[in-house]
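The structure under discussion appears below in the form of structure tokens.
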Amino acid sequence: MTAPQQAPVPEFSSDCSRCLGLCCVLLPFSAAAGFGADKAGGEACGHLRADDRCGIHDRLREEGWPGCTVFECFGAGQQVSQVTYAGGGWRDRDGDQRAEMAAVFSVMRVLHEMLAHLSEVERRTPDPAATALRTELAAHTALDPVSLLGLDVDDLHDRVGPALVAASRRIRSRRGAALDHADLAGRDLRRRRLAEADLRGALLIAADLRGLDLGRADLLGADLRDADVRGANLSATLFLTQPQVNAAVGDAGTTLPPALAVPGHWRVPGRS
């Protein structure tokens, strides 16, 4: 159960060219959740080609699969495919072995998401405790499957959480609104001062945030499904993730943090 002492910090965005279609096979999904069909974990999606690439990737929303355009593995797919299983795929594994791989993939995805947040802390407000946690989690990503499944993920969550809270308090102004876990679904928030707000875990489903400068608002775990962020400035927000961005409604006027990509389904000039 050993790992390199100085394991490199992995990538935090998916690269399907180096993955083996893990999310399309190992994870269950349902039509009700926007995936076009019901599928059990361990079964390959009907659109997965022999080369482990999606046959309708360029028209997922048009074909009724918007859930796929929102999902993001934080780079766990290529890490599990190329490092944990050293290029060994799912095709030559039986049901139990696929179940193990699915569990490993889920653990890796959690590790990568926590690492992404800790790396943001490192960039914006370095702290020795957060740096130590980042180093520890990076080492975990290099573990073998059995060791990964033996990790106490709940304990890691309990230790990373306070580090993120402390970083948020260092970065944000104390004048920011306390709206953590607030139910703001469907609300017109364009007149609210949210630039330094604590919006951790807030329900922002279909909220109107058009044109707002959210400044250094903390968006950790905020639900941005169908939130209208057209023309909004999200470039300095804290702990915003690609899945949150993918689930929102933006346009060419939406400004994102440099590490995040503009979703292909946003109506941005020059993009299909």
Side-chain angles (χ1 to χ4, degrees), residues 1-4 7-31 33-61 63-116 119 137-151 153 241-243 245-246 259-261 263-265:
M1 188 172 172
T2 59
V9 176
E11 301 166 331
F12 304 129
S13 60
S14 57
D15 181 351
C16 297
S17 69
R18 293 191 287 129
C19 183
L20 300 172
L22 300 190
C23 64
C24 306
V25 178
L26 302 179
L27 304 182
F29 53 64
S30 67
F35 287 93
D38 297 332
K39 185 190 80 66
E43 297 178 3
C45 173
H47 295 295
L48 190 67
R49 304 185 316 208
D51 62 356
D52 291 326
R53 305 301 294 275
C54 175
I56 60 169
H57 189 266
D58 60 345
R59 58 184 191 280
L60 283 165
R61 287 188 168 249
E63 295 284 344
W65 295 75
C68 293
T69 68
V70 174
F71 180 80
E72 168 64 46
C73 73
F74 298 98
Q78 63 258 32
Q79 182 75 10
V80 170
S81 296
Q82 303 300 328
V83 178
T84 312
Y85 288 96
W90 55 271
R91 295 181 186 278
D92 57 352
R93 288 177 164 80
D94 60 24
D96 289 341
Q97 291 172 321
R98 288 187 188 181
E100 179 203 77
M101 184 177 275
V104 167
F105 179 51
S106 295
V107 170
M108 190 69 75
R109 185 171 183 266
V110 172
L111 290 176
H112 275 226
E113 184 172 6
M114 289 191 290
L115 269 169
S119 294
L137 265 64
H140 290 332
T141 65
L143 292 170
D144 61 85
V146 174
S147 299
L148 278 164
L149 295 179
L151 291 175
V153 176
T241 65
Q242 193 67 53
V245 171
N246 293 348
L260 300 183
H265 55 275

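- To the nearest 0.5 Å, the span separating NZ on Lys39 from OG on Ser30 amounts to 11.0 Å.
- Legend: residues meeting salt bridge (Lys or Arg N to Asp or Glu O under 4.0 Å) with Asp15, ordered by chain and number and at least two apart, are Arg18.
- Residues meeting the side chain to side chain donor-acceptor pair (under 3.5 Å) test with Glu113, sequence neighbours left out: none.
- Taking each heavy atom of Ser106 and Leu27 in turn, the nearest pair found is OG-CD2, 4.4 Å.
- Note that CE of Met101 is 13.5 Å distant from CG of Asp96, once rounded to the nearest 0.5 Å.
- Listed by chain and residue number, Asp52 satisfy the salt bridge (Lys or Arg N to Asp or Glu O under 4.0 Å) test with Arg91 (two or more places apart in sequence, or in another chain).
- Contact of the Val83 side chain with the Thr141 side chain is not registered, since no non-hydrogen atoms from C-beta on lie closer than 4.5 Å.
- Shown are Leu149, Leu26, Val146; of these, the side chain to side chain contact (heavy atoms under 4.5 Å, CB included) with Val104 is made only by Leu149.
- Between Gln242 and Leu260, the shortest heavy-atom contact is OE1-CA, 3.5 Å.
- Here Met114 contributes atom CE and His112 contributes atom NE2; the two are 10.5 Å apart, rounded to the nearest 0.5 Å.
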Under the side-chain contact (heavy atoms from CB on, under 4.5 Å) criterion, do Cys73 and Val80 qualify, and how do the steps go? CA-CA 11 Å; Cys73 73; Val80 170; over 6 Å; no
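- Here the side chains of Glu72 and Thr241 are not in contact, with every heavy-atom distance at 4.5 Å or above.
- Heavy atoms only, all atoms of each residue included: Thr84 and Pro145 are closest at CG2-CG, 3.8 Å.
- To the nearest 0.5 Å, atoms CZ (Phe12) and CD (Gln79) are separated by 10.0 Å.
- The ring pair (Phe, Tyr, Trp, His ring centres under 6.0 Å) analysis of residues 65-100, with sequence neighbours excluded, yields the pairs Phe29-Trp65, His47-Trp65.
- Rounded to the nearest 0.5 Å, atoms CG (Leu22) and CD (Gln78) are 9.5 Å apart.
- Smallest separation of non-hydrogen atoms from Ser147 and Leu143: CB-CB, 3.9 Å.
- Ile56 has its side chain out of reach of Cys68: every pair of non-hydrogen atoms, C-beta onward, lies at least 4.5 Å apart.
- Leu148 and Met108 make their closest contact through CD1-CE, 3.7 Å (heavy atoms, listed as atom of the first residue, atom of the second, distance).
- Listed by chain and number, the residues in a salt bridge (Lys or Arg N to Asp or Glu O under 4.0 Å) with Arg53 amount to none (sequence neighbours excluded).
- Heavy-atom minimum distance, Gly41 versus Pro28: N-CB, 3.6 Å.
- With Ser81 contributing its side chain and Leu20 its backbone, the two residues share a donor-acceptor pair below 3.5 Å.
- Not counting sequence neighbours, the partners of Arg49 by the salt bridge (Lys or Arg N to Asp or Glu O under 4.0 Å) test are Asp51.
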